[in-house]
Amino acid sequence: MHSARRRHASTATSHADLIDGAWDDVLDLLPPGLDGMAKEEIQFRRRGGIQAASDVLRIGMAYSVLDFSLRSAAVWMVTHDLGDISDVAVLGRLRRSWKFFARILTEMLVTRTRFSPTPQFPYRVRLIDGTCLSAPGATGADWRIHATYDVSRGVVDHIELTDHKGGEHLDRAAARPGDLIVGDRGYAHAARIIEVRQARAHVLVRIGHNAVPLVDAKGREV
């Protein structure tokens with residue numbers, strides 16, 4: 001009983017955030033230039049009455065946060081003057097918009113504060129790892145989130161969303177000069193380590209001798 005009331009209250013609050021003046025407050029929290037992002041990521045065009053990229057985001061939030069069916073989401077759009085498209089078209093919009101949603105998430109998580117290494121510790125330490133996401137009822141991973149964490153600033157400074165085939169590689173860290181990329185044994189691949197070093201960055205990982213054979217100064221395995 002109490003649980004049901006809490007769910008109802010939560011849904012009501014979210015509904016107000018998406019349709020009333022509070023939506024303007026939500027927009028203030030989002031990265032600027034949503035229309036530009038949408039054009040770059042999903043070639044956004046105004047059709048079906050959908051006039052702005054922010055409305056695409058609002059539809060996505062209504063479908064996911066309010067737990068609407070596709071048909072209910074289509075009706076919700078009409079009743080709130082967000083466009084007039086079918087439930088099938090709503091599904092198509094959401095499927096095509098995942099890169100746009102991922103871009104917004106990335107922009108919100110990545111802090112652009114510049115970091116200058118100090119003489120006492122001349123490296124920018126960044127931890128890299130990945131995690132799997134699964135849809136309800138799935139028997140395996142459907143997506144992977146790859147992220148790096150800047151220890152000195154205490155922020156996630158890079159994030160990438162891939163499908164289940166997206167492997168965990170050091171190049172997902174977008175290494176920069178002065179970085180010290182720290183990862184587990186899954187990131188120990190000789191070719192990737194070489195690429196990071198060529199970017200004038202450093203690597204600290206556990207290694208397996210098959211993935212990272214050790215060689216002497218003449219290139220002979222030891």
Side-chain angles (χ1 to χ4, degrees), residues 26-43 53 57 97-134 141-222:
V26 174
L27 289 177
D28 288 339
L29 299 175
L30 298 176
L34 291 181
D35 285 340
M37 288 185 200
K39 288 180 181 179
E40 292 177 10
E41 302 297 341
I42 59 174
Q43 289 78 52
L57 175 62
S97 299
W98 72 268
K99 289 185 178 181
F100 174 49
F101 299 152
R103 173 79 174 273
I104 295 172
L105 175 62
T106 300
E107 293 287 336
M108 294 185 71
L109 288 177
V110 175
T111 301
R112 295 179 177 80
T113 303
R114 297 186 63 182
F115 173 80
S116 299
T118 64
Q120 292 80 13
F121 197 74
Y123 302 117
R124 181 190 299 107
V125 180
R126 301 171 67 212
L127 311 182
I128 183 171
D129 205 356
T131 188
C132 296
L133 299 176
S134 300
D142 293 299
W143 307 279
R144 283 195 176 92
I145 295 177
H146 310 270
T148 55
Y149 180 81
D150 187 327
V151 174
S152 65
R153 292 184 289 144
V155 297
V156 174
D157 69 349
H158 185 77
I159 191 167
E160 182 178 355
L161 177 67
T162 67
D163 61 18
H164 68 285
K165 296 180 180 179
E168 296 179 276
H169 304 306
L170 286 170
D171 60 355
R172 298 197 186 281
R176 295 162 289 179
D179 283 352
L180 173 59
I181 310 297
V182 181
D184 60 29
R185 188 165 56 185
Y187 292 91
H189 297 280
R192 307 288 186 177
I193 293 174
I194 291 172
E195 290 173 357
V196 172
R197 294 294 295 126
Q198 290 174 338
R200 293 185 294 153
H202 307 271
V203 178
L204 177 60
V205 293
R206 293 177 59 192
I207 65 171
H209 291 295
N210 291 331
V212 187
L214 301 180
V215 298
D216 61 20
K218 295 183 178 181
R220 297 174 301 196
E221 290 193 21
V222 297

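For residues 167-195, the set of pairs meeting the ring-ring contact (aromatic ring centres under 6.0 Å, His included) definition, not counting sequence neighbours, is empty.
With sequence neighbours left out, the side chain to side chain contact (heavy atoms under 4.5 Å, CB included) criterion links Ala38 to Ile42, Phe44, Ala53, Phe100. Taking Leu133 as the reference, Trp143, Ile145 meet the side chain to side chain contact (heavy atoms under 4.5 Å, CB included) condition, with sequence neighbours excluded. By the ring-ring contact (aromatic ring centres under 6.0 Å, His included) test, His202 pairs with Tyr123, sequence neighbours left out. Scanning for side chain to side chain donor-acceptor pair (under 3.5 Å) contacts around Thr162 gives His146, with sequence neighbours left out. Not counting sequence neighbours, Glu195 has no partner by the salt bridge (Lys or Arg N to Asp or Glu O under 4.0 Å) test. With sequence neighbours excluded, the residues that form a salt bridge (Lys or Arg N to Asp or Glu O under 4.0 Å) with Arg103 are Glu40, Glu41, Glu107. Among residues two or more places apart in sequence or in another chain, the side chain to side chain contact (heavy atoms under 4.5 Å, CB included) test is passed with Ala191 by none. Not a single side chain to side chain donor-acceptor pair (under 3.5 Å) links Asp163 to another residue, sequence neighbours left out.
Heavy atoms only, all atoms of each residue included: Ala175 and Ala201 are closest at CB-CB, 4.0 Å. Residues Cys132 and Arg144 share a closest heavy-atom pair of SG-NE, 3.7 Å.
To the nearest 0.5 Å, atoms CD1 (Ile104) and CG (Leu57) are separated by 4.5 Å. Leu204 CG to Ile128 CD1: the interatomic distance, rounded to the nearest 0.5 Å, is 13.0 Å. Leu161 contributes atom CG, which lies 12.0 Å from atom CZ of Phe101 (distance to the nearest 0.5 angstrom).
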Please table the atom pairs, donor to acceptor, closer than 3.5 Å between any side-chain atom in residues 177-186 and protein atoms at least two apart or in another chain.
{"residue": "Asp179", "atom": "OD1", "partner": "Arg124", "partner atom": "NH1", "Å": "2.3"}
{"residue": "Asp179", "atom": "OD2", "partner": "Arg126", "partner atom": "NH1", "Å": "2.8"}
{"residue": "Asp179", "atom": "OD2", "partner": "Arg176", "partner atom": "N", "Å": "2.8"}
{"residue": "Asp184", "atom": "OD1", "partner": "Gly186", "partner atom": "N", "Å": "2.9"}

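Proximity of a side-chain donor or acceptor of Arg206 to a complementary backbone N or O of Ala188 within less than 3.5 Å is not detected.
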